2 protein chains.
Amino acid sequence: MTAGTAANDTRSRLLDTALKLFSEHGMEGTSMQMIADELGVTKAALYYHFKSKDEIAEAVAAPALQEMEQILDEACTKRSRGAQIDHALAGFVDLIVRQRMLVGLFNSDPGLQRLIHRTLLAPKDKDLKTKLRAVFAGEEPSLADAITVHVMSAGLAMAGGAPEFAAVDDDTLRQHLLDAGRRLLGRPRPKRLDKRLRDLPRPKG
Amino acid sequence: MTAGTAANDTRSRLLDTALKLFSEHGMEGTSMQMIADELGVTKAALYYHFKSKDEIAEAVAAPALQEMEQILDEACTKRSRGAQIDHALAGFVDLIVRQRMLVGLFNSDPGLQRLIHRTLLAPKDKDLKTKLRAVFAGEEPSLADAITVHVMSAGLAMAGGAPEFAAVDDDTLRQHLLDAGRRLLGRPRPKRLDKRLRDLPRPKG
DNA sequence: ATCCACACTAACCGATCGGTAAGTACGACG
DNA sequence: CGTCGTACTTACCGATCGGTTAGTGTGGAT
């Protein structure tokens, strides 16, 4: 017990550092040397903990991907479509806010995207994006709905991960992203009216 | 006359190729060798046309950036806030659809973003993002509005540049993105406009 | 005292990176 | 004919890339 504290600590610090650098410079723009320098160890030390750069990227991305999958699965258990969407949206926004850097990185780096798709998504019966679209817009969504869902997921993720909102506290950011998501998806806003009520067109009853 | 046709042709083919590769692999993930190979010339030939890789990236991004600036400036000349927003949104969506790859690349590559910010945006009195936010949400927007605008611009750009919608024809994509943008911004949807009717501003009414 | 697994380091690998220097095929011009 | 500019190519540079190998210091168990 209390076993590999040192190793565990270095390993998790390594992941934190990698995430930070990846999100600043992109995955291809971040070298193993940069990660090692930032950590204060040699490059070879990284290869003691991970077999390759790709494995580091996987380890960085995996937890959030798993969490997203879980949120989507939970949402599927809800009875009404409305409840499914509300749960998925709330969970998605919460994940984005808690993992701002990672989520921003995730749908912004072509290299990471390709890697993740190969190693973490492809093996599953259904890839995450498809699942997400299915939860928000049904199994066989119209083009309009598919586009709306894409705008929502990408928009919320990029805004959540944007450096200009880095100083905004989690609760506030979550509320605003939730509002934006609901507006896009045409979901009614629950009671909570914020100070600045805009004229919301409600196209559907 | 008809002078530098060959050179001009190579130069523009070079830019096309670079854009394609940048958007597939990211800027850091694309080497000069890759561009040269795809073009069927040697790497050194690239350096005949451009001084550096950065200069290529600038040349790739510059026209769309200029066009965006022009759209925003045009929008500012409109009388009502509503007309300003409508013009900017229509122009923005139109630009995204016409330049899908580039726009997708633009807000997805940390390396390109940093470069562009240094070389093309910083010198201007106001950077593009600030200008965009000002047009859509006023000079001193609330946090909620700033976030909404960010979600919109990033969401529309990423959806427009997304490979899964690559096969969608321009008009259709434009309509759906416009709808999503209007929903987000709380703009009323105009009654079924003729889809051919674009935003061409009447020259000095 | 010895051994051993752990968590590294120093030194190195071939490949590739962005970039450069020198040379060349070629058409236009005089 | 010769010469000049254009649009390249061949050959090369030092630096850095991801990754490997062999060795080292250290703490705990025996």
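Computed from a prediction, not measured in an experiment: that's the story for all the values here.
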Legend entry - Distance below 4.0 Å between A:Y47 side-chain N/O and D:dG19 OP1 or OP2: yes
Inset, instruction - Quick one: list whatever passes salt bridge (Lys or Arg N to Asp or Glu O under 4.0 Å) with A:E67, sequence neighbours left out. - result: A:R98
Inset, instruction - Find out whether A:F106 and A:I116 are in side-chain contact, i.e. whether some heavy atom of one side chain is under 4.5 Å from a heavy atom of the other. - result: yes
Legend entry - Under 4.0 angstrom between B:H49 side-chain N/O and D:dC8 OP1 or OP2: yes
Inset, instruction - Would you please say whether a donor-acceptor pair under 3.5 Å links the side chains of A:D109 and A:Q113? - result: no
Inset, instruction - Enumerate the residues from residues 18-34 of chain B whose closest heavy atom to DNA chain C is under 4.0 Å, giving them by residue number; use none for an empty result. - result: B:T30, B:S31, B:M32, B:Q33
Inset, instruction - Establish, with yes or no, whether the OP1 or OP2 oxygen of C:dA7 is under 4.0 angstrom from a side-chain nitrogen or oxygen of A:T10. - result: no
Inset, instruction - Give, for atom OG1 of A:T10 and atom CG of A:L15, the distance between the pair rounded to the nearest 0.5 Å. - result: 11.5 Å
Legend entry - Given D:dG19, C:dC8, C:dG18, the nucleotide with the shortest approach to the side chain of A:S52: D:dG19
Legend entry - Set of residues satisfying salt bridge (Lys or Arg N to Asp or Glu O under 4.0 Å) with respect to A:K43, sequence neighbours excluded: none
Legend entry - Length of the line joining A:Y48:OH and D:dT21:P, which is rounded to integer Å: 17 Å
Inset, instruction - Return the set of residues passing ring pair (Phe, Tyr, Trp, His ring centres under 6.0 Å) with A:H150 (not counting sequence neighbours), or none when no residue passes. - result: B:F165
Legend entry - Between C:dT20 (P) and B:F50 (CZ): distance, integer Å: 15 Å
Inset, instruction - Using whole Å, report how far CG of A:L14 lies from P of C:dA7. - result: 13 Å
Legend entry - Donor on one side chain, acceptor on other, A:D37 and A:Q33, under 3.5 Å: yes
Inset, instruction - Classify the side-chain pair A:E28/B:H25 by whether it contains a donor and acceptor separated by less than 3.5 Å. - result: no
Legend entry - Integer-rounded Å distance: C:dT20 C1' and B:K51 NZ: 14 Å
Inset, instruction - Could you tell me the separation between the NZ atom of A:K53 and the P atom of D:dT20, rounded to a whole number of Å? - result: 15 Å
Inset, instruction - Pull out every residue in residues 37-45 of chain B that has a heavy atom closer than 4.0 Å to any atom of DNA chain D, ordered by number, or say none. - result: B:V41, B:T42, B:A44, B:A45
Inset, instruction - Identify, with sequence neighbours excluded, every residue that meets salt bridge (Lys or Arg N to Asp or Glu O under 4.0 Å) alongside A:R182. - result: A:D179
